[in-house]
K.L.:
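One structure is given below, represented as structure tokens, and several questions about it will come after.
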Amino acid sequence: MNALTKQLLSTLMLGGLVMGSALAVVTNIDSRRELFGKMQTQREGRDLVDAQWRKLLLERAALSSQVSVDRVALQRLKMKLPEPDSTVTVTF
Amino acid sequence: MGRWRFSVAQSRDWTLRGLILLAAFGLAYRAFYLQVIETPFLQDMAANRQVRTLDVHANRGMIRSRNGEPLAVSTAVDSLWVDPLLFVTQRQHWPKLARLLDMPTSELEQKIGSRLQRRFVYLKRRLTPQLAAEADELGIKGLYLQREYRRYYPTAEVSGHLLGFTNIDDQGQEGIELQYNRLLSGQAGRTRVVQDLHRRWVQPVEAISTAVPGSDLQLTLDSRLQYLAYQELKAAVHQHRAESGSAVVIDIATGDLLAMVNQPSFNPNETASRRPAHFRNRAVTDVFEPGSTIKPFIVAAALQAGTYRATSWIDTDPGYLVVGGHKISDHRPFGPLTLEGILQKSSNVGAVRIAMGLDPQQIEALLRGVGVGRASGAAFIGESSGLLVPAENWRKVDQATLSFGYGLSVTALQLTRAYAILGNHGRDLNVHIIAAESAQMMAQVISPQVADQVVRMMEAVIAPGGTGSRAAVSGYRIAGKTGTAHLFKKGGYDKTRYVATFAGLAPASAPRLAMVVTIKDPKGEAFYAGDVAAPVFSRFMHRALPLLKIPADGEVVPSHLIDVSGAAA
């Protein structure tokens with residue numbers, strides 16, 4: 001092993017490392033894009049579920065609103081709210 | 001051996017050279033191919049896609065009531081639009097699309113037919129994302145989606161004034177929506193994407209910044225009480241054909257604003273039918289002269305100053321008196337009255353006698369203490385702070401008319417706070433609408449004993465013979481005061497138009513709720529506050545008190561049995 005061979009070997013080794021890191025960068029970028037795409041798909045899914053949840057929330061709010069409960073009680077179930085005059089509060 | 005070795009080395013040498021040459025040719029060919037043969041195709045591709053940065057929408061936060069019910073919710077909706085030039089070539093798909101959108105094919109024809117020259121026509125706006133996605137999947141050329149956001153208010157006109165509304169870009173325009181716009185909006189993000197010519201999203205490349213959704217906002221509002229108050233106020237305003245009305249309810253222990261309603265109202269969900277004149281949250285923007293509802297504070301000032309005691313008698317004969325050349329009179333002569341009697345009969349003469357025995361500064365200090373002329377602190381958009389002229393500028397007659405509520409102005413919210421302070425044993429309160437704001441230790445503005453005595457005296461107003469007897473609630477003791485004031489018009493007071501106000505506390509033995517009902521310009525037979533505003537209080541409390549599980553504390557006590565000498569029970 002003379003000095004020349006040593007130099008050649010170290011150059012080759014460094015070259016190999018450069019190649020390796022270049023490949024790593026490429027795969028990294030590629031996988032980042034792929035993961036970002038996946039994340040975006042997940043987000044879309046989340047947004048869709050979120051939109052659905054909000055819709056259901058509004059639906060529930062509309063159905064359980066005082067107005068609609070009043071309407072169902074008074075019209076469909078023919079219930080009556082006792083007037084203050086016809087109410088007696090018993091105090092213990 | 002030497003020859004053999006030489007020939008191996010040489011052949012390796014040549015092989016290597018050959019390979020390098022081949023690779024060089026390969027590269028040269030590829031370059032030629034891309035540059036010359038493939039050019040039109042590649043240029044086309046490049047033109048079709050481009051890297052763009054897009055805003056990522058940040059969801060606007062929800063507004064919730066104290067019990068968590070949604071009061072304002074933004075949801076994504078999709079609008080379908082078409083490029084008529086492309087879309088007319090897709091006629092074979094039209095029936096499918098029409099069926100999905102639940103519109104006759106002829107309507108499609110109609111929409112497109114007259115607009116062939118344009119490149120953008122809305123087909124149907126604000127579809128649910130699911131339905132829009134189905135339409136998109138039909139794969140019709142020239143049919144595109146556009147995402148929009150819409151805000152819904154499940155309580156509609158019941159809380160319209162308080163919440164306000166947003167514009168088409170989801171930005172607050174009025175009320176809480178405007179006031180807390182920054183908190184609710186969040187921060188839009190940015191993403192770099194590769195897009196095609198039609199700006200249809202192709203592929204996201206990277207996020208520049210992520211979207212931060214807006215925060216939810218929880219209010220102290222109780223939607224049940226809000227609805228009750230709305231219902232009763234609306235009924236009364238209609239019944240008496242009044243111009244407008246407001247009602248405010250405050251939780252005395254915490255300063256929470258439980259309900260705030262106005263008439264006329266508007267539905268924040270319907271952009272088309274909105275009338276700007278109806279947007280105003282009158283309970284905080286409109287001031288009125290409180291009339292006799294100010295008298296309890298004059299009585300409190302006298303008790304505080306020691307000029308009168310709870311058991312003092314005041315002669316109101318002959319039913320009128322003259323101050324600074326102005327005659328002030330009662331409906332009829334009441335004779336000698338106690339302080340409590342002055343409140344019960346709402347005697348102007350009695351109130352003036354009490355006020356004239358006090359220093360102007362003593363009256364001003366008390367009124368300012370309970371918040372007259374001072375904004376509520378809840379920081380409402382457009383809130384008025386009312387008006388109270390400094391005492392050094394009062395003439396004798398000003399001091400006299402002030403004692404029955406003329407010459408100063410308040411908002412419904414301010415008057416509610418003032419009564420809540422009486423109910424809170426004279427301690428100021430931090431009125432707020434945002435649930436996160438906690439109750440703070442506030443200053444004592446009236447001595448506890450005086451405040452409690454005044455509350456006991458105000459029970460006489462509700463007792464038979466009092467002006468506010470129609471505010472009575474079965475099973476509960478109520479303290480309150482009526483006030484009927486002439487409306488001001490150019491050049492003086494209008495003799496035929498009134499603002500009727502009732503301010504009350506319930507239950508009187510240990511006040512939990514303070515409520516003010518004010519109705520402007522009732523045009524029916526009845527115009528006295530006791531007939532117009534007091535029943536709203538009664539009907540509201542009749543349902544609200546049991547709803548809040550506030551135990552019954554007894555029936556109305558006849559006025560001669562009310563003991564005002566001590567503190568409240």
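Sequence lines set the chain letters: A, B, ... in the order given, protein chains first and strands last, and positions in each chain run from 1.
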K.L.:
Within residues 19-28 of chain A, which residues come under 4.5 Å of chain B, heavy atom to heavy atom?
P.N.:
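If one takes a 4.5 Å heavy-atom cut-off, no residue of residues 19-28 of chain A lies near chain B.
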K.L.:
Which salt bridge (Lys or Arg N to Asp or Glu O under 4.0 Å) pairs, counting each pair once, include a residue from residues 46-55 of chain A, with sequence neighbours left out?
P.N.:
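Of all non-adjacent pairs touching residues 46-55 of chain A, those that pass salt bridge (Lys or Arg N to Asp or Glu O under 4.0 Å) are A/D50-A/R54.
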K.L.:
If you draw a 6.0 Å radius around CD in B/Q187, do more than 12 non-hydrogen atoms from other residues or ligands fall strictly inside?
P.N.:
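Atom CD in B/Q187 is not packed in, count stays at 12 or less.
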K.L.:
Just checking B/R539: does its CZ atom have more than 12 heavy atoms from other residues, nucleotides or ligands closer to it than 6.0 angstrom?
P.N.:
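Result for CZ/B/R539: open.
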K.L.:
The criterion is salt bridge (Lys or Arg N to Asp or Glu O under 4.0 Å); which residues satisfy it with A/D30, sequence neighbours excluded?
P.N.:
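Result, salt bridge (Lys or Arg N to Asp or Glu O under 4.0 Å) vs A/D30: none returned.
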K.L.:
Could you tell me if the side chain of B/P70 sits less than 4.5 Å from the side chain of A/L58, heavy atoms only?
P.N.:
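No. Closest side-chain heavy atoms not under 4.5 Å.
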K.L.:
State whether the number of non-hydrogen atoms from other residues, nucleotides or ligands found under 6.0 Å of B/R512 atom CZ is greater than 12.
P.N.:
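Atom CZ in B/R512 is not crowded, with 12 or fewer foreign heavy atoms closer than 6.0 Å.
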K.L.:
Does any non-hydrogen side-chain atom of B/T191 lie less than 4.5 Å from one of A/F36?
P.N.:
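Yes, side chains in contact.
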K.L.:
For B/R190, does the CZ atom sit with more than 12 other heavy atoms under 6.0 Å from it, leaving out its own atoms?
P.N.:
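Counting other residues, nucleotides and ligands, CZ of B/R190 exceeds 12 neighbours.
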K.L.:
Does any part of the side chain of A/D70, heavy atoms only, come nearer than 4.5 Å to the side chain of B/Q231, both counted from C-beta?
P.N.:
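The answer is yes, as the side chains (C-beta and beyond) meet within the 4.5 Å cut-off.
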K.L.:
How would you list, by chain and number, every residue that makes a salt bridge (Lys or Arg N to Asp or Glu O under 4.0 Å) with A/R43, sequence neighbours excluded?
P.N.:
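For A/R43 there are no salt bridge (Lys or Arg N to Asp or Glu O under 4.0 Å) partners, ignoring immediate neighbours.
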